[in-house]
Amino acid sequence: GATFVRLMGMLGKSKRPDLAPVLLQKMVEDKCPPSVELYTSLVSVYTRSNLLDKAFVVYEDMKHQVGCEPDVWTYSILIGACCESCMFDKAQELLAEMEQYGLQPNTVTYNTLINQYGRLGMFSHMEQVFEDMERKSQCPPDIWTWNSILKSYGVKGRTDKMESWFDKLCSSGMEPDVVTFNTLIKAYGRHGLYAKMQAVVAYMHKFLYPVDVVTYNLMIDAYGKAGRVVQMEEVFKRMKLRGVKPN
RNA sequence: CGCAUCUGAUUUCA
């Protein structure tokens, strides 16, 4: 069972929805009973290839499969796919529907919404979702939530908002992680705020946060795109001095 | 160095 789920996941990541029916057939031949996980991985195979119609066919099937009814994970995937296609009304419908079935959206469900609203610069919607998360108890914001918000403001050049949300993150008691810092670095680098970019790295070193290959790659990329080859090479040197292997 | 590992969902267009 777990093997089929894993294989289905591979089909999703490699964008091969054409092979999903073949795998299902094989599963039936092996008399392997289906599971929520398997069905959900199948939904994911289709959403990853933007085949929403097929994903929804599977979703409707699941409703009639005893023991394989859609769960929070299934809904999170479908809601994310709807948002990605800007079908926000459909996403809201699904949210209402899952609650009808007694399923409460969790942190990931909301993170998906935050990420998608943020990606499109729909900041008031994004912040509204964040407020919902804080108000409810079953979906507390996690570091992914914060990082998504920081990233959304960062890529749109709203580094002022990014900074105030970073402060808010720190005072919330949540620990930033390497993705948090890489998100800040990427935003500063993209918008030419090199001093702030360097300040983030200095902060990471000062407070002993691990720096990774992504951290350095982002800085090399920023300097490279700006034609600042001297600084770029300097970063590359420091990277090797720190024992971080270039990839 | 190679192999293995890398969860059915979200930050990862590094």
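Computed from a predicted structure; not experimentally measured. The sequence lines fix the lettering, A, B, ..., with proteins before strands; numbering per chain opens at 1. Heavy atoms only: backbone and side chains are in, while hydrogens, waters and symmetry mates are out.
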J.: Need one value for A:T40: base, sugar-phosphate or nothing, where a base atom within 4.0 Å counts as base even if backbone is also close, heavy atoms only.
T.: base
J.: Would A:K63 and A:D61 pass as an ion pair if we require N to O under 4.0 Å?
T.: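 No salt bridge links A:K63 with A:D61.
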J.: Please state whether the phosphate of B:rU11, meaning OP1 or OP2, lies under 4.0 angstrom from any side-chain nitrogen or oxygen of A:R119.
T.: no
J.: If the P atom of B:rA9 is compared with that of B:rC13, how far apart are they to the nearest Å?
T.: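 My reading of the P atoms in B:rA9 and B:rC13 gives 15 Å.
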J.: Check whether A:T109 reaches the backbone of A:S76 with its side chain - one donor and one acceptor, N or O, closer than 3.5 Å.
T.: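 No; judged by distance alone, with no hydrogens or angles, the pair does not exist.
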J.: Starting from P on B:rG8, measure out to CG on A:L11 and report it in whole angstrom.
T.: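 Checked: the CG to P distance equals 13 Å.
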J.: From OH of A:Y59 over to P of B:rA9, roughly how many Å is that when rounded to an integer?
T.: 19 Å
J.: With no hydrogens and no angle check, is any side-chain donor or acceptor of A:D71 less than 3.5 Å from a backbone partner on A:W73?
T.: yes
J.: Measure the distance from CG on A:L38 to P on B:rA9 and round it to the nearest whole Å.
T.: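 From A:L38 CG to B:rA9 P: 13 Å.
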J.: Taking the six-membered ring for Trp and the full ring for Phe, Tyr or His, determine whether the centres of A:Y46 and A:F56 are under 6.0 Å apart.
T.: no
J.: Figure out the CD/P separation between A:E37 and B:rA9, and round it to whole Å.
T.: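 Roughly 11 Å, once rounded to whole Å.
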J.: Under 4.0 Å, heavy atoms only, any strand: does A:R48 hit a base, just the sugar-phosphate, or nothing?
T.: sugar-phosphate
J.: Applying a 4.0 Å non-hydrogen cut-off, can you work out what A:V5 is touching in the nucleic acid: base, sugar-phosphate, or nothing?
T.: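 Counting heavy atoms under 4.0 Å across all strands, the contact made by A:V5 is with sugar-phosphate only.
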J.: Under 4.0 Å between a side-chain N or O of A:K225 and OP1 or OP2 of B:rC13?
T.: no
J.: Does the side chain of A:K245 get closer than 4.0 angstrom to OP1 or OP2 of B:rC1 through an N or O atom?
T.: yes
J.: At under 4.0 Å, does any side-chain N or O of A:R6 touch on OP1 or OP2 of B:rC6?
T.: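 Looking at the OP1 and OP2 atoms of B:rC6, one of them is under 4.0 Å from a side-chain N or O of A:R6.
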J.: How close or far is atom P of B:rC13 from atom CG of A:D221, stated in whole angstroms?
T.: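 So the CG-P distance, A:D221 to B:rC13, works out to 14 Å.
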J.: For A:M98 and B:rA9, what is the distance between atoms CE and C1' respectively, to the nearest whole Å?
T.: 11 Å
J.: From the list B:rU11, B:rU10, B:rG8, which nucleotide is the closest neighbour of the side chain of A:V179?
T.: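 In terms of side-chain proximity for A:V179, the closest of B:rU11, B:rU10, B:rG8 is B:rU11.
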J.: What is the separation between atom CZ on A:F181 and atom C1' on B:rU11, rounded to the nearest whole Å?
T.: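 A:F181 atom CZ is separated from B:rU11 atom C1' by 15 Å.
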J.: When the distance from CZ of A:R190 to P of B:rC13 is rounded to whole Å, what number comes out?
T.: 11 Å
J.: Is A:T107 touching bases, backbone alone, or none of the nucleic acid, heavy atoms closer than 4.0 Å?
T.: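 Contact class for A:T107: none.
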J.: For the side chain of A:S148, counting heavy atoms from C-beta on, which of B:rU11, B:rG8, B:rA9 is nearest?
T.: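 The closest nucleotide is B:rU11.
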J.: For the side chain of A:K13, starting at C-beta, report the closest nucleotide among B:rG8, B:rU11, B:rU7.
T.: B:rU7
J.: I'd like the P distance from B:rU11 over to B:rU7, given in whole Å.
T.: 14 Å
J.: Tell whether A:N106 reaches the base of B:rA9 with its side chain through a donor-acceptor pair below 3.5 angstrom.
T.: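 Counting by modelled atom types and ignoring angles, a donor-acceptor contact under 3.5 Å is found here.
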J.: B:rU11 phosphate, OP1 or OP2: any side-chain N/O from A:N115 under 4.0 angstrom?
T.: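 So the side-chain polar atoms of A:N115 do come within 4.0 Å of the phosphate oxygens OP1 or OP2 of B:rU11, strictly under.
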J.: Of the nucleotides B:rU10, B:rU11, B:rG8, which has the atom closest to the A:N147 side chain?
T.: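 For A:N147, the side-chain atoms sit closest to B:rU11.
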J.: Using a 4.0 Å heavy-atom cut-off, does A:S76 contact any base of the nucleic acid, only the sugar-phosphate backbone, or nothing at all?
T.: base
J.: Under 6.0 Å between the ring centres of A:W144 and A:Y110?
T.: no
J.: Donor-acceptor pair, distance only, cut-off 3.5 Å: does the side chain of A:S172 make one with the backbone of A:L169?
T.: yes
J.: From the set B:rU10, B:rU7, B:rG8, return the single nucleotide nearest to any side-chain atom of A:V36.
T.: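 The answer is B:rG8, which lies nearest to the side chain.
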J.: side-chain hydrogen bond (donor to acceptor under 3.5 Å, both in side chains), that's the test. Do A:S164 and A:D167 meet it? Break it down for me.
T.: CA-CA 5 Å; A:S164 60; A:D167 291 341; over 6 Å; no
J.: NA contact type, A:N182, heavy-atom cut-off 4.0 Å: base, sugar-phosphate, or nothing?
T.: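 No contact.
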